[in-house]
Amino acid sequence: MATKGQGRTGLFRGVSRSPRQASPSVRPPVSGIVYAWDMVSDTLTWGPGAAEALGLPSRDLPKTGQAFSWLVEPGCGLSRQDAIGMTGSPSRAYETRYALRFEPDRVVMVEDAGRWQQDVQGRPAYARGQLRLDRAPGDRDLVPAMLQQRSELLCGIQNGINEAVRVSQTCTLIVGALEGDGSDSAAELARMARPIMRRHDLFAVLGPDRFALALTSCPATEAPSAMRRLAGLMQDHPAARSLRLGAACAPDHTFKAPKLLRFAEQALASGLERGDSCTLYDARPSKASRAAEQAPFDWIAALNDRSLSLACQPVVETQSRAPALMQAVACLTHPEGDPILLGPVPRLKEANLALLVDARMLELAADHLNDHPGLRLALPVSARTLQDAEWLALLAAHLGARPGIESRLVIEVPEAALTECRKTLGRLHAMKALGVGLSLTGFGAGYVTPGQLRMLPVDLLKIDGVFIQPLKRSTADRLMVRTLIDRAQHLGIATAAEWVEDEATARLLTAWGVDYLQGGLFGAPEAVQQPSALHRMLKKARG
């Protein structure tokens with residue numbers, strides 16, 4: 001029988017289970033694509049296998065939220081950003097479904113679910129989630145009819161772009177909007193537009209009040225006059241007074257039809273907003289988003305004035321629901337409300353800010369453990385801190401100054417930090433030699449293979465919440481989580497699940513053999529009142 005999670009500290013004693021045969025080289029089944037989105041810097045970070053799962057070259061994988069938004073088909077579901085903006089639940093969980101277009105004839109429906117964190121002003125600042133393709137890429141029958149029609153249009157536009165490039169010409173795409181009577185109005189406009197159309201030109205309906213006209217041999221310099229001429233041809237139409245036109249050109253703006261259509265639609269939207277009748281796409285960088293313009297939280301000031309505080313959230317045993325340890329979270333204390341939880345630490349060129357923040361959190365956690373002898377605490381540490389040569393010395397110094405707390409301290413290491421397992425393995429063993437427990441967070445994203453996991457001296461595997469949140473509705477995630485639990489049981493390592501918000505999910509995880517649960521169902525993070533410096537001096541003087 002394999003005993004789970006005895007380790008050096010003996011923190012996690014699970015039930016005995018029979019060992020199971022598992023392949024050491026196979027990764028867990030891919031349930032979805034894990035991502036992290038820093039909305040302040042607009043940086044989008046993908047988990048392993050994202051490019052392969054999306055069918056994109058690695059270089060074409062969107063690196064920013066704005067680049068990703070260009071792939072989202074308009075009118076085909078609530079985008080991630082809109083879903084986050086409409087989230088009203090206390091857990092700040094979001095869930096939506098929309099379409100992504102990668103090529104003129106390749107579009108997929110996706111499910112997007114995750115959770116966002118706020119900044120100190122309460123605005124969305126960071127999101128972590130999972131993107132799941134809703135169907136096989138080649139299954140055209142499951143694509144909505146509207147998307148199929150748009151695909152046919154884009155293929156025609158792409159042919160026009162290719163023809164224009166072949167003869168060293170420019171293809172101009174004009175998108176129009178008007179208040180009319182649907183398809184009949186669009187058909188009438190198509191008849192009116194024929195005088196300016198040539199052999200390879202294309203007219204198509206985009207919707208009840210939208211149409212597109214692709215002019216194969218129309219250079220960018222003539223695009224404004226082409227729009228004015230089109231407006232003149234349609235002046236006798238009953239809805240002509242409401243007509244607004246937007247245009248973009250290829251190859252001036254792009255060589256790809258999906259982008260060209262989006263650029264033309266963006267120009268049209270800009271014209272509608274300003275009240276202009278004809279608008280050409282402006283390729284200059286757009287104004288920074290509101291999130292990028294917001295005043296960033298000053299981490300350095302928070303460190304200097306020691307306003308950075310410690311909050312704790314309970315992690316409970318599945319059977320008894322009794323708190324097994326507390327999860328440490330960096331926060332700012334609010335005099336009139338709940339603590340303001342802080343997200344990931346930004347990068348600074350001049351200093352390893354993550355190390356400074358983690359060192360301060362270590363100091364707060366060590367003091368809290370020293371003042372509460374019966375408490376156990378899990379402290380997250382960033383990947384950049386783990387790679388810094390000063391971290392081990394800081395950890396040893398704090399543990400040496402407070403003898404006895406090491407057996408009640410668990411250092412949480414993100415799975416993403418173990419991409420280069422051999423470089424990190426030595427530091428993990430060094431931390432274990434100091435007597436602390438080790439927890440691997442974000443488990444299941446795919447950064448670590450089962451073979452590598454066998455070499456890690458971890459006491460606890462914390463299953464990523466992006467796989468826990470959709471358990472009630474997702475068969476793929478249930479299979480994924482069951483596989484992760486079985487793998488941990490085979491290795492004799494205790495498991496925990498985060499983002500547990502309801503009793504049904506808690507019972508399901510308990511039945512599968514998860515040892516510990518964390519989430520809003522068991523309590524939100526609460527700020528820890530730190531004793532004053534004078535109080536500590538008096539306590540130390542009294543022995």
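- In this structure, the side chains of V120 and L342 come closer than 4.5 Å at one or more pairs of heavy atoms.
- Annotation for K472: atom NZ does not count as buried by contact number, only 12 or fewer foreign heavy atoms lying within 6.0 Å.
- The side-chain hydrogen bond (donor to acceptor under 3.5 Å, both in side chains) analysis of residues 74-85, with sequence neighbours excluded, yields the pairs Y35-R80, S79-D82, R80-D112.
- Between L308 and M361 the shortest side-chain heavy-atom distance falls below 4.5 Å.
- When atom types are taken as modelled, the side chain of T279 and the backbone of G246 share no donor-acceptor pair closer than 3.5 angstrom.
- When atom types are taken as modelled, the side chain of E73 and the backbone of R101 share no donor-acceptor pair closer than 3.5 angstrom.
- The closest side-chain donor-acceptor pair between R228 and S225, if any, does not fall under 3.5 angstrom.
- Each of T419, L418, V448 was checked for a side chain to side chain contact (heavy atoms under 4.5 Å, CB included) with T424, and the lone residue meeting it is L418.
- Taken from CG in L245 to CZ in F211, the straight-line distance is 5.5 Å, to the nearest 0.5 Å.
- Under the rule for a side-chain contact (heavy atoms from CB on, under 4.5 Å), E526 has no partner lying at least two apart in sequence or in another chain.
- Put simply, the side chain of E222 never gets that close to the backbone of P219: no donor and acceptor are under 3.5 Å apart.
- With hydrogens and angles ignored, the 3.5 Å screen pairs a side-chain donor or acceptor of W46 with a backbone N or O of P62.
- One distance of note links CG of D201 with OG1 of T216; it measures 4.5 Å at 0.5 Å rounding.
- Residues forming a ring-ring contact (aromatic ring centres under 6.0 Å, His included) with Y281 (at least two apart in sequence, or on another chain): H253, F263.
- Of the possible donor and acceptor atoms, one in the side chain of D502 sits under 3.5 Å from a partner among the backbone N and O of T505.
- S270 contributes no side-chain N or O that, together with a main-chain N or O of A267, makes up a donor-acceptor pair within less than 3.5 Å.
- Distance CG/D236 to CE/M192: 6.0 Å, rounded to 0.5 Å.
- Side chain of D388 to backbone of R384: no donor-acceptor contact under 3.5 angstrom is found.
- For R473, the CZ atom is densely surrounded, since the number of other residues' heavy atoms within 6.0 Å is greater than 12.
- For the salt bridge (charged side-chain N to carboxylate O under 4.0 Å, His left out) test with E265, the passing option among R244, R210, R150, K259 is R150; the others fail.
- At a threshold of 4.0 Å, the pair E163-R199 does not count as salt-bridged, since none of the basic side-chain nitrogens sits closer than that to a carboxylate oxygen.
- When atom types are taken as modelled, the side chain of E501 and the backbone of G520 share a donor-acceptor pair closer than 3.5 angstrom.
- For the atom pair S151 OG and Q158 CD, the distance stands at 12.5 Å (nearest 0.5 Å).
- Checked by atom type and distance alone, the side chain of D358 pairs as donor or acceptor with a backbone atom of S382 at under 3.5 Å.
- Counting only distance, with no hydrogens or angles, the side chain of E498 and the backbone of G465 share a donor-acceptor pair below 3.5 Å.
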